[in-house]
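To start, the structure itself, in structure tokens.
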2 protein chains.
Amino acid sequence: MRPMKPATRASTAETPSFQPLYLQIKALLLQSLAAREWSPGGAIPAEHELATRFRVSQGTVRKAIEALAADNLVVRRQGKGTFVATHTEEAQSTFRVLRIRADDGRAEAPASRLLDLRRGKAGGEVARLLELRPGDGVVTIRRVLEWSGRAVVLDEIVLPAVLFRGLTRARIAAYPGSMYGLFETQFGVRMLNAEERLKAVAADAFAARTLGVAAGAPLLAVERVAFTFGGKPVEFRRGLCETAFHHYANAIG
Amino acid sequence: MRPMKPATRASTAETPSFQPLYLQIKALLLQSLAAREWSPGGAIPAEHELATRFRVSQGTVRKAIEALAADNLVVRRQGKGTFVATHTEEAQSTFRVLRIRADDGRAEAPASRLLDLRRGKAGGEVARLLELRPGDGVVTIRRVLEWSGRAVVLDEIVLPAVLFRGLTRARIAAYPGSMYGLFETQFGVRMLNAEERLKAVAADAFAARTLGVAAGAPLLAVERVAFTFGGKPVEFRRGLCETAFHHYANAIG
DNA sequence: CAGTGGTCTAGACCACATC
DNA sequence: ATGTGGTCTAGACCACTGG
């Protein structure tokens, strides 16, 4: 007896003609993750238990979980269990997202200095990227990231207001971890992946003053749209980075 | 009877205390790939055959091959076989390495215009990155990448001379595909992965002239070290990119 | 010790490509 | 029809963790 549909199903146009069982299981687990059925950092049920729950062999559950682990949605730890990935464990997850490094190669985490937070309406470009209607409310945060006391990055972070009700300067200042850790623990918004576009731009007056360079000096502009479950965009970020002693690191594999 | 050593072996200091069988198989396959036992683009033996050859179950061979596929060393094609990955198939492999895109999102491949090729000695910094002795011979190529006739990237490519004997302007001009396709087919040098560092810099006189911007204009500098088997560096590349209508795209997942 | 994930096997069957 | 990779199962055993 099999609760899943038979693997082969009728195809409509460009839908794949068949969905392997392990991907169906993956989709079910994804639903549970999106529904916050298991809390970030917590363990999900053991493979054996999921296998009996879904009436499927352990190997099939295993393949589903491996696919989730490849997407960085869960973390497997031998002998302990499989855990919902979180942005609050500094070492593991932080450097996957933070690509700015000091040229000397030291893996130093920057300090964050909050400049301001204001509420407003989404402009056309940002509205499009965040899939908001023009005029929908947004929260805009500006901050500086400092390495060894040196201001290196000026960040502007734009968030849909509806997802971040009650976000204030004080709450940001009080939170010890990263921005995505705050989003996750305080607002239940989990950043899963992002797309970035990099350009070189000339420093405007404010950026120049903030980063201690001349107006017009070249800065690395990093624009990021971050997504949560279902490919829903939840953050637009624009960082201006002074790259005299720092760089953006990327591995091509 | 098992030709492999038992999985558990004595550990010396920080070596892993045990090596799963499928990783041992992967290492063997890696050796064969590095030795060019199967030519790029060609098929490797079927899973079933490798399984009998190594006296191992097909599932174990399968896991080894999956690991190689995850490293982009081979490409699996259902019903056809598993093939040695190559840089000569334009669509698949090109856009994994080429990160510059037009802002409008069209996936257009650039044209390459060769400026010059000269032979010289490796300087200190390049020698260190390419793991050469200072004074070892290098070949330096300069070229321009053009999108829709517009010069966007000025590339300087530095190669260890010993690996690229006989490389001339004419041979580059005659080759229809990408630089890595040329390296692979003409010199047996396969680029497997790379590390990039991005900065924003001011255009010098030559770059400004070549890219049609003012001297001092901000340009995106992309420095890349590319590696072949065994983590051996085989190319240093520095690209200067004009980002008014183009950008460097990166996915964080 | 028991419980977890990790490896390995042997075999059946499916989907895809080619002849 | 045949050969390829892809899925799924059932069970055994191993390595790691923590009580």
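Since the structure is predicted, the reported quantities are computational estimates derived from the model, not experimental observations. Because only heavy atoms are used, hydrogens play no part in the values below, and waters and symmetry mates are left out as well, while side chains stay in.
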side-chain N/O A:T60 vs D:dT7 OP1/OP2, d < 4.0 Å:
no
Looking at B:T82, does any N or O in its side chain come under 4.0 Å of the phosphate oxygens OP1/OP2 on D:dG5?
yes
Select one nucleotide: of C:dT9, C:dG5, D:dT17, the one nearest the side-chain heavy atoms of B:L21.
C:dT9
Whole-Å distance separating the CG atom of A:L23 from the C1' atom of D:dG6
11 Å
Figure out the CD/C1' separation between B:Q58 and C:dT7, and round it to whole Å.
16 Å
B:Y248 and A:E196 side chains, donor-acceptor separation under 3.5 Å
no
Using a 6.0 Å distance limit plus a 45 degree cone around the ring axis, check whether B:R77 lies over the aromatic ring of B:F83.
yes
Would you say D:dG6 has OP1 or OP2 under 4.0 Å from some side-chain N or O of B:R62?
yes
Interatomic distance where CD belongs to B:E47 and C1' belongs to C:dT9 [whole Å]
15 Å
Between C1' on D:dA15 and CD on B:Q19, what's the gap in Å once rounded to a whole number?
14 Å
Interface with DNA chain C, restricted to residues 68-76 of chain B and to heavy atoms under 4.0 Å
none
Between CD on residue B:E195 and CZ on residue B:R224, distance to nearest 0.5 Å
12.0 Å
Could A:R113 and A:D155 be called an ion pair, given the rule that one side-chain N must be under 4.0 Å from one carboxylate O?
no
Do A:Y22 and A:E66 pair up side chain to side chain, a donor and an acceptor below 3.5 Å, judged on atom types alone?
no
When the distance from OH of B:Y22 to P of D:dC13 is rounded to whole Å, what number comes out?
21 Å
Please tell me if B:K63 has a side-chain N or O lying less than 4.0 Å from either OP1 or OP2 of C:dT7.
yes
Nearest listed nucleotide, side chain of B:F18, among C:dT7, D:dT7, D:dT4:
C:dT7
Might you point out which heavy atoms bring A:P40 and A:E184 nearest each other, and give the distance in Å?
CB-OE2, 3.7 Å
Ion pair B:R238/B:E223, N-O distance below 4.0 Å:
yes
From NZ (B:K26) to OG1 (B:T60), nearest 0.5 Å
15.0 Å
The correct list of stems in which DNA chain D takes part (3 or more consecutive Watson-Crick or G-U pairs, distances under 3.5 Å) is C:1-18 with D:1-18
Rounding to a whole Å, what distance do you find between B:K80:NZ and D:dT2:C1'?
16 Å
Take atom CZ of A:R77 and atom P of C:dG6, then tell me their distance rounded to the nearest Å.
11 Å
Is the NZ or CZ atom of A:R190 both under 6.0 Å from the centre of the six-membered ring of A:F183 and within 45° of that ring's axis?
no
Picking from C:dG5, C:dT9, D:dA10, the nucleotide nearest the side-chain atoms of A:Q78 would be C:dG5
Do A:Q24 and A:Q19 have side-chain atoms, one donor and one acceptor, less than 3.5 Å apart?
no
What's the NE2-C1' distance between A:H48 and D:dA12, to the nearest Å?
14 Å
